[in-house]
Amino acid sequence: MRKLDGKIALVTGSGRGIGRAIALKLASEGASVVVNDIDDAPGDAVAAEIKAVGGRAISINGSVSDAGFADRFVGAAVETFGGLDILVNNAGYTWDATIQKMTDEQFQAMLDVHLVAPFRILRAASEPIRVMAKKEAEAGREVFRKVVNISSIAGLYGNAGQASYSSAKASLVGLTRTLCKEWGRYKVNVNCVAFGLINTRLTQPIESQQKTIDVAGRDIKVGVQQQMLDNMARMIPLGRSGTPEEAADAVYLFCSPESNYISGQVVVCSGGLSG
């Protein structure tokens, strides 16, 4: 028996990077996974990767910020797999600027993807969770479900050039602790993982020309200057940045049965780096 056999997990932003590693980790422990990416190809590829080794997965792609996405995402889990047990709000990106140069569009975009989208997904999941929890309680069964919201050390300590991102990630901690109190009666553990420097396409070294990613028709610059990466690595007590797989392991801690009496908490996965 794997620890997540029979569980149904939903992971946003799981076509690439940390999200992909989370989806594969949960699937390796037996969970059926609803994969999501803003682009079809990465999301479909991860679902196919899980199925290729005998797992169960579907992909529900599209931007988590789109109207109607939350109901479509949660509905697919219930319709295809018969319920939901684990929900990981991971999707996101950064769109940085110092506050005097930051536009309303930039600030709102970060709130939309990092705070409003998780709120809508959790709201969409609330009724299925309530119904399932009521039936389980009537049958005398205690079944724990898991919510893991992904924050950042920028949300805990702030980061220059990230007023919007830091604000959204800090607010997500508040949402986590509130849902812990509201959903405890449904036996839902609601926790948060705050990442430090993890190796993804968003934190790749900037070489001769800075790369961009397309997000809803916007070209968003990604990457970090090599000197800044080197400076950050020197500040990390463990001496290096983290891998997506190590990030996924931190999320898995809150998805496993061992976390059944842990709720409303924030774990920092940063190699020891703090503010």
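Counting begins at 1 with the first residue of the sequence.
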Nearest heavy-atom pair of [X] and [Y]: which atoms, and what distance?
X: V35; Y: G43; result: CG1-O, 3.6 Å
X: A23; Y: I50; result: O-CD1, 4.1 Å
X: P237; Y: L273; result: CD-N, 3.6 Å
X: C192; Y: S151; result: SG-CB, 3.5 Å
X: A77; Y: I8; result: CB-CG2, 4.3 Å
X: V46; Y: G15; result: CG2-O, 3.6 Å

Supply the atom-to-atom distance [X] [atom1] to [Y] [atom2], rounded to the nearest 0.5 angstrom.
X: S270; Y: I198; atom1: OG; atom2: CD1; value: 8.0 Å
X: R20; Y: S14; atom1: CZ; atom2: OG; value: 10.5 Å
X: C255; Y: K7; atom1: SG; atom2: NZ; value: 11.0 Å
X: T98; Y: Q162; atom1: OG1; atom2: CD; value: 12.0 Å
X: S65; Y: M110; atom1: OG; atom2: CE; value: 8.5 Å
X: L179; Y: F119; atom1: CG; atom2: CZ; value: 9.5 Å

Any side-chain heavy atom of [X] within less than 4.5 Å of one from [Y]?
X: L4; Y: L26; answer: yes
X: F195; Y: V251; answer: yes
X: F254; Y: I262; answer: yes
X: P257; Y: F144; answer: no
X: V33; Y: R56; answer: no
X: Y157; Y: S274; answer: yes
X: D37; Y: R16; answer: yes
X: V148; Y: Y252; answer: no

Review point. Out of I150, I121, L10, which residue meets the side chain to side chain contact (heavy atoms under 4.5 Å, CB included) rule with V88?
Key: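 Exactly one pass, corresponding to I150.
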Would a distance-only check, ignoring hydrogens and angles, find a side-chain to backbone donor-acceptor pair under 3.5 Å from [X] to [Y]?
X: S256; Y: L253; value: yes
X: N61; Y: I38; value: no
X: D5; Y: R2; value: yes
X: R141; Y: E136; value: no
X: R145; Y: N189; value: no
X: S263; Y: V190; value: yes
X: S166; Y: A163; value: no

Do we see a donor-acceptor contact under 3.5 Å between the side chains of [X] and [Y]?
X: T12; Y: N36; result: no
X: N191; Y: Q265; result: no
X: N89; Y: N149; result: yes
X: D44; Y: S59; result: yes

Does [X] come within less than 4.0 Å of [Y], counting only side-chain N to carboxylate O?
X: E246; Y: K25; result: no
X: E127; Y: R130; result: yes
X: D85; Y: K146; result: no
X: E79; Y: R72; result: no
X: D71; Y: R120; result: no

Is there a path of hydrophobic side-chain contacts, each under 4.5 Å between heavy atoms of I/L/V/M/F/W/Y residues, joining [Y] to [X]?
X: I153; Y: L238; value: yes
X: I22; Y: I58; value: no
X: I86; Y: V147; value: no
X: I99; Y: Y165; value: no
X: V113; Y: V11; value: no

Exercise for review: Would you please test L122 and W183 for side chain to side chain contact (heavy atoms under 4.5 Å, CB included) and show each step?
Suggested key: CA-CA 11 Å; L122 291 164; W183 283 6; 4.0 Å; yes
Check your understanding: What do the steps show when you test R177 against V266 for side chain to side chain contact (heavy atoms under 4.5 Å, CB included), and what is the final call?
Key -> CA-CA 9 Å; R177 288 180 167 148; V266 179; 3.7 Å; yes
Review point. What do the steps show when you test E142 against K187 for salt bridge (charged side-chain N to carboxylate O under 4.0 Å, His left out), and what is the final call?
Key: CA-CA 7 Å; E142 192 174 57; K187 308 300 180 184; 3.3 Å; yes
Practice item. Describe, in one word, how the ring planes of Y93 and H114 are oriented to each other, choosing from parallel (under 30°), tilted (30 to 60°) and perpendicular (over 60°). Key: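 Correct class here is tilted.
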Point to revise | Working for side chain to side chain contact (heavy atoms under 4.5 Å, CB included), residues M132 and L84 | key: CA-CA 9 Å; M132 289 183 290; L84 62 94; 4.1 Å; yes
Practice item. Check step by step if side chain to side chain contact (heavy atoms under 4.5 Å, CB included) holds for E105 and R218. Key: CA-CA 11 Å; E105 182 187 14; R218 306 184 187 105; 2.9 Å; yes
